[in-house]
There are 2 protein chains.
Amino acid sequence: MNTQVSRRTTAQQVLERLREHILDGDYPPGAKLDETSVAKELGVSRTPLREALFGLERDGLLTHEPFRGRIVARNDDAAVAEIFPILGALEALAVRMSGAYPPETLSKLDDVNRRITEPGVSPGLRHGFDQAWHQTLVADCGNPRLIELIERHRAIAARHDGGEARGMADAPGSTADHAEIVEALRDRRNDDAAALLERHWNDGVAVVAEWRAQAAKQEKKST
Amino acid sequence: MNTQVSRRTTAQQVLERLREHILDGDYPPGAKLDETSVAKELGVSRTPLREALFGLERDGLLTHEPFRGRIVARNDDAAVAEIFPILGALEALAVRMSGAYPPETLSKLDDVNRRITEPGVSPGLRHGFDQAWHQTLVADCGNPRLIELIERHRAIAARHDGGEARGMADAPGSTADHAEIVEALRDRRNDDAAALLERHWNDGVAVVAEWRAQAAKQEKKST
DNA sequence: CATGTGCACATTGTACACAATATGCAAACG
DNA sequence: CGTTTGCATATTGTGTACAATGTGCACATG
């Protein structure tokens, strides 16, 4: 069916496409992945699909129960409480390993951070800017493995659980944290920035939990 | 061929067995994994084997080039330089997240550390004790995801590269570090212990590089 | 009416067959 | 003599068939 011109294998492509779909919320947390349907949907047979599923499962994006199917991993408060501190430690390390941040990087960080708070941007976009900010922060640490690891964990933790509860991170405190961190970096106080960053992620656990509780309450009201 | 009584799937079992083999050095870094041979060796068909391989690849234990096969991941100086700091940050986090270490855990740590230096133990065993020490250190941090993550990275970094260059970590400085860390933990100074631990791993990069250079020199002499 | 049992169906797991690609060698060519 | 081209062979990638297991419902039974 496919003419196989690519250098990448079907399973690899499927893995990446599925990953994107999960991150975009097309397959939300808790959704069951029916092999036959998904295979048909992507136009491949079950064999490469299953190989991709195995990889994603190993990434922590899927959970698997033998003979009962695969589920997109939940991202509940418990998961956040486990992952956010890990991200804090890893990004802090990346900041410490980075040298002096060049002016253009610093202004990019400021710029992106400013856009997070700009009025009129959709919550989804705001969330995207937040992601971009963190990505820029660690991009030049010189440890590709670390970057990849951070990326994977952010992928797990960044998805919205609880049935498309939108509204994410208006985060008045969050952008203030970001600004403070950039300021430290401008002064070449990377260690201080790292410490702030770690606290930022740890605070995030409570922030997300609070925000979700609010969203759940609103959800109930509108029913 | 198999009566399939187990609750775990063949692919999962194969993944774990292969993982053990790789960690034990039965498949040393750089070894090519021929699918047909390995499948025959483990008594399964290629399908579940390939699924397992995909998982291990995602773990970073294997590298893959389309149509050219899979290789057990190298663990050269570059890899060590990337992974050791990550392990340092993660284990430091685990120590900080742990509460007060109970006396029995502290004496276990002391005990295991003592065995590392005991004369007459094989290098392999010594290495095993070192692993056990670090495992005990993080076991009660209360973050299973973190423990799993540490375990996986230790799996990658703990393998001996460069053709079974044995002799590992006599580490006179290493056990001294361990002792100092336990002392800090006894005083409930977890943050100090965490900082020491991070330095311990960072120093490890140079130690391993040095040790390997020596081993390589000896290798050449005996040829 | 509640509960348990067994069968039909759906879905996942495994094996195998075939297709696509890489590799090594031998012969042709300059 | 070195280089290149083309084929034979080995290995990996994908599709498909079949086996094993879980699920839900109808029906019997107390």
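Residue numbering restarts at 1 for every chain, and letters A, B, ... go by the order of the sequence lines.
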Exercise. Give a yes/no answer on whether the side chain of A:R68 brings an N or O atom under 4.0 Å of OP1 or OP2 in D:dA20.
Key: no
Quiz item: Within less than 4.0 Å of OP1 or OP2 of D:dT12, is there a side-chain N or O belonging to A:T9?
Solution: no
Practice problem: Using whole Å, report how far CG of A:L15 lies from P of D:dT14. | Solution: 13 Å
Quiz item: Yes or no on side chain to side chain donor-acceptor pair (under 3.5 Å) for A:E210 and A:Q214, after CA distance, side-chain angles and deciding distance?
Solution: CA-CA 6 Å; A:E210 173 64 22; A:Q214 296 260 349; 3.1 Å; yes
Quiz item: How are the rings of B:W133 and B:H178 set to each other: parallel, tilted or perpendicular (split at 30° and 60°)?
Solution: parallel
Quiz item: Within the pair A:H64 and C:dT11, is there a side-chain N or O less than 4.0 Å away from OP1 or OP2?
Solution: no
Quiz item: Any sub-3.5 Å donor-acceptor pair from A:D77's side-chain atoms to A:A209's backbone N or O?
Solution: no
Quiz item: Is a side-chain donor or acceptor of A:D177 paired with a backbone partner of A:H200 at a separation under 3.5 angstrom?
Solution: no
Exercise. Applying side chain to side chain donor-acceptor pair (under 3.5 Å), name anything that partners A:E41, two or more places apart in sequence or on another chain.
Key: A:Y27
Practice problem: Check the distance between C:dT11's P and A:I71's CD1 and give it to me in whole angstrom. | Solution: 13 Å
Quiz item: Between A:E35 (CD) and C:dT14 (C1'), how many Å, whole number?
Solution: 12 Å
Self-check item: Nucleotide C:dT12, atom C1' - distance to CZ of A:F67 in whole Å
Solution: 6 Å
Quiz item: Listed in order of residue number, which residues of residues 45-58 of chain A have a non-hydrogen atom at under 4.0 Å from DNA chain C?
Solution: A:R46, A:R50
Quiz prompt | Test item: A:N143 side-chain N/O and B:E82 main-chain N/O as donor-acceptor pair under 3.5 Å | solution = yes
Quiz item: Could you give the NZ-to-C1' distance, from A:K32 to C:dA10, as a whole number of Å?
Solution: 9 Å
Quiz prompt | Interatomic distance, B:L42 CG vs C:dT14 C1' [rounded to whole Å] | solution = 15 Å
